[in-house]
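Lettering of chains follows the sequences in order, A, B, ..., and the numbering in each one begins at 1.
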Amino acid sequence: MEHYNMNLTVKVWRQKNSSDKGKFESYPVKNISSEMSFLEMIDVLNEQLIVEGKEPIAFDHDCREGICGMCSMYINGKPHGPWAANTTCQLHMRAFKDGDTVVVEPWRASAFPVVKDLMVDRSAFDRIIQAGGYISVNTGNAVDGNSLPINKDHADSAFAAAMCIGCGACVAACKNSSAMLFLSAKVSHLALLPQGDPERKSRVLNMVAQMDKEGFGACTNTGACEATCPKEISISNIARLNQEYLRASLTAEK
Amino acid sequence: MTWKQVFTSSVGKKLTMGLTGIFLILFLVVHAGLNACIWANDHGIMFNKGAHFMGANVIPRILEIGLFAGLLLHIIQGLMLELSNRSKRKVGYAVSYGNEGSKWYSRSMGILGTLILLFLVLHLSDFWYPNRSHQNFVLGEEIDLYEKMKTTFTELWVVIVYVLGCLSLGYHLAHGFQSAFKTLGINNRRYHIMLTSLGYGFSIIITLAFALMPISFYLGWVN
Ligand code: SF4
Ligand code: FES
């Protein structure tokens, strides 16, 4: 890919705090390299704002290598921007052309209230995990690989589900602001492994209850979540979650 | 975990939608099959026999109560879900994700369902209500439904409204059929292709079958 520089207009959501109404502001940014990442472009813009004596844009980020899930930005109508299976930090400026206007919004969902500018509070996800996304025993040191036989298909599907980085893009993309893809990844990941089996019923029931309490919507299987997920979590996990839920609620003791 | 908790949870509500949806799909098969008798082209003899059985036999009439119960549950739960889901995003996006990530009809189940409901009001007041009220709502003698169809579908606007109603139903089914099975937990790779093709096939066949009925009368393909 040939390197080029570009001038852009960045239209960003600015909101002082969670009670502020917020509005869009447009900023010109010049001489952006096509090799830069999207967050580096925002860094350049922020330096410019600081020099001009303005408040820099608040945004979440941490690893900048596609594994932590912090970089929540809804770019030009898609969570994490135009590339498939990609996080905002791994989106490169070669995705844009000279003269483009880029619209950046925070995740929109009542369960993810805006803290400031592009930062949203995703602690609802933490509370869903606290409701059952774990196993209650200490697994100790790594044991001999063959001492606990696991069906290869299950191991692969569990691993694919465990890829979820909890970024919340699925919620941001869903018309119902549903957290089902996230939840289904967490439930599947443990339900498919022998270590997760003893608590599988209470896990799914408690996690669904917590998800509802947090104010996420109900899934209607549109598939927007799967299409935007940076880790390509399959929507078939949602069917598995439904299956787990049905089984657990039908066979619950009381 | 009480039953109430199960059926008021987000997953439980979807289960109700899926189960009643599949029940209504089964009804559509019966309805389309029976109505297809008009194409026997025997001046409606076969059709009226079928209609008579459905209207004057106690078993279909009991099932009819179940049908209305299922339909009502589907409508009320569906509308409530739609409203509650809409309330989960107070501030919308400036740029929408649009059709890139999902099919328009999968995002429009509430609207499509409402259109079908409006159509149903018209449809029931065209056929079901006059027929049942003629029977005094018990198992009495019925009106000649074939003749009723013939006269109803002489008006172009009625035919157009019916075809549009069928189209709404078709798109509702195109998403609803697969979605219902996914909600019941069936979406392994093994069933995925089978379910989607069955779903699309079913929606197309049902839409065509129903839409062709008013058209056939209007264009005089049946006598
Ligand atoms: S399922 Fe995908 S989009 Fe949703 S939180 Fe996990 S990684 Fe992000
Ligand atoms: S900053 Fe960690 S995934 Fe983007």
Side-chain angles (χ1 to χ4, degrees), chain A residues 11 13 21-22 24 74-79 82 103 105-106 108-111 114 171-178 180 201 204-205 208-209 211-212 215-228 234-250 252-254, chain B residues 1-3 5-19 77-78 80-110 175-192 195:
Chain A
K11 197 173 157 195
W13 183 258
K21 254 190 111 220
F24 280 103
Y74 185 94
I75 304 161
N76 282 352
K78 184 176 172 289
V103 184
E105 303 175 67
R108 297 289 191 195
S110 306
V114 173
V171 176
C174 175
K175 80 165 183 62
N176 309 318
S177 309
S178 169
M180 281 287 270
K201 287 189 194 168
V204 67
L205 297 177
V208 168
M211 171 178 76
D212 292 347
F216 293 101
C219 169
T220 55
N221 296 316
T222 68
C225 52
E226 182 186 43
T228 203
S234 162
I235 197 169
S236 62
N237 285 307
I238 294 186
R240 186 182 294 108
L241 170 88
N242 292 332
Q243 213 177 81
E244 290 285 323
Y245 189 85
L246 194 59
R247 191 183 304 140
S249 53
L250 286 181
E253 294 288 336
K254 26 177 212 287
Chain B
M1 199 68 199
T2 60
W3 289 112
Q5 281 167 325
V6 175
F7 284 101
T8 50
S9 76
S10 58
V11 180
K13 284 181 193 158
K14 293 298 303 171
L15 275 172
T16 313
M17 292 308 288
L19 287 171
Q77 182 79 279
M80 280 176 28
L81 261 174
E82 175 77 18
L83 288 179
S84 126
N85 282 343
R86 279 178 186 229
S87 74
K88 305 294 186 202
R89 178 170 290 140
K90 301 259 158 35
V91 184
Y93 289 110
V95 187
S96 101
Y97 194 11
N99 291 333
E100 243 184 287
S102 52
K103 303 262 191 314
W104 71 266
Y105 50 83
S106 76
R107 299 192 310 275
S108 317
M109 293 299 274
H175 179 68
F177 190 100
Q178 340 170 355
S179 183
F181 286 95
K182 289 177 185 168
T183 300
L184 294 182
I186 307 164
N187 193 25
N188 343 11
R189 245 167 292 149
R190 210 181 150 84
Y191 294 109
H192 183 75
L195 270 182

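Judged by distance alone, the side chain of A/Asn176 and the main-chain N or O of A/Gly217 form no donor-acceptor pair under 3.5 Å. Between the side chain of B/Ser102 and the backbone N or O of A/Ala224 there is no donor-acceptor pair closer than 3.5 Å. The backbone N or O of A/Thr220 lies less than 3.5 Å from a partner atom in the side chain of B/His175, making a donor-acceptor pair.
Highest contact tally toward chain A, considering only B/Val11, B/Asn85, B/Thr183, is held by B/Asn85 [criterion: heavy-atom pairs under 4.5 Å]. Of the residues considered (A/Arg108, A/Met180, A/Arg247), A/Arg108 shows the highest number of contacts with chain B, using heavy-atom pairs under 4.5 Å. Your options are A/Leu205, A/Val103, A/Leu241, A/Val171, and the one with the most heavy-atom pairs under 4.5 Å with chain B is A/Leu205. Each of B/Met109, B/Arg89, B/Lys103 has some count of heavy-atom pairs under 4.5 Å with chain A, and the biggest count is that of B/Arg89. Counting heavy-atom pairs closer than 4.5 Å to chain B, the top residue among A/Gly77, A/Ala227, A/Ser234 is A/Gly77. Chosen from A/Glu105, A/Glu226, A/Gln243, the residue pairing most often with chain B at heavy-atom distances under 4.5 Å is A/Glu105. Between chain B and the options A/Pro106, A/Ala111, A/Gly215, A/Ser178, the largest number of non-hydrogen pairs under 4.5 Å is found for A/Gly215. Heavy-atom pairs under 4.5 Å with chain A were tallied for B/Tyr105, B/Tyr93, B/Tyr97; the largest tally goes to B/Tyr93.
Heavy atoms closer than 4.5 Å to chain A are found nowhere in B/Lys13, neither backbone nor side chain. With a 4.5 angstrom heavy-atom cutoff, B/Arg86 does not touch chain A via any of its atoms. Within the 4.5 angstrom heavy-atom criterion, no atom of A/Ala248 approaches chain B. Proximity to chain A is limited to the backbone of B/Gln5, based on heavy atoms less than 4.5 angstrom apart. Residue B/Ser84: no heavy atom, backbone or side chain, is found under 4.5 Å from chain A. Interface remark: A/Ala173 contributes backbone and side-chain atoms alike to the contact with chain B (heavy atom separation under 4.5 Å). A/Cys174 touches chain B through its backbone: at least one of N, CA, C or O sits under 4.5 Å from a heavy atom, while the side chain does not. When heavy atoms are compared at a cutoff of 4.5 Å, A/Phe216 approaches chain B solely by way of its backbone atoms N, CA, C and O. Using a 4.5 Å cut-off between heavy atoms, B/Ile186 touches chain A through its backbone atoms (N, CA, C, O) alone.
In this structure, A/Thr228 and B/Glu100 have side chains that are not in contact, with every pair of non-hydrogen atoms separated by 4.5 Å or more. Put simply, the side chain of A/Asn221 does not reach to within 4.5 Å of the side chain of B/Gln178, judged on heavy atoms. With a 4.5 Å cut-off on side-chain heavy atoms, A/Tyr74 and A/Trp13 do not count as touching.
Atom NZ of B/Lys90 is separated from atom OG of A/Ser110 by 3.5 Å, given to the nearest 0.5 angstrom. Going from atom CG of B/Leu15 over to atom OG of A/Ser249 covers 7.0 Å, rounded to the nearest 0.5 Å. Between the OG atom of B/Ser10 and the CG atom of A/Asp212 there is a distance of 3.5 Å, given to the nearest 0.5 Å.
Within a 6.0 Å radius of OH in B/Tyr191, other residues, nucleotides and ligands contribute 12 heavy atoms or fewer.
Taking the six-membered ring for Trp, B/Phe181 and B/Phe177 have ring centres closer than 6.0 Å.
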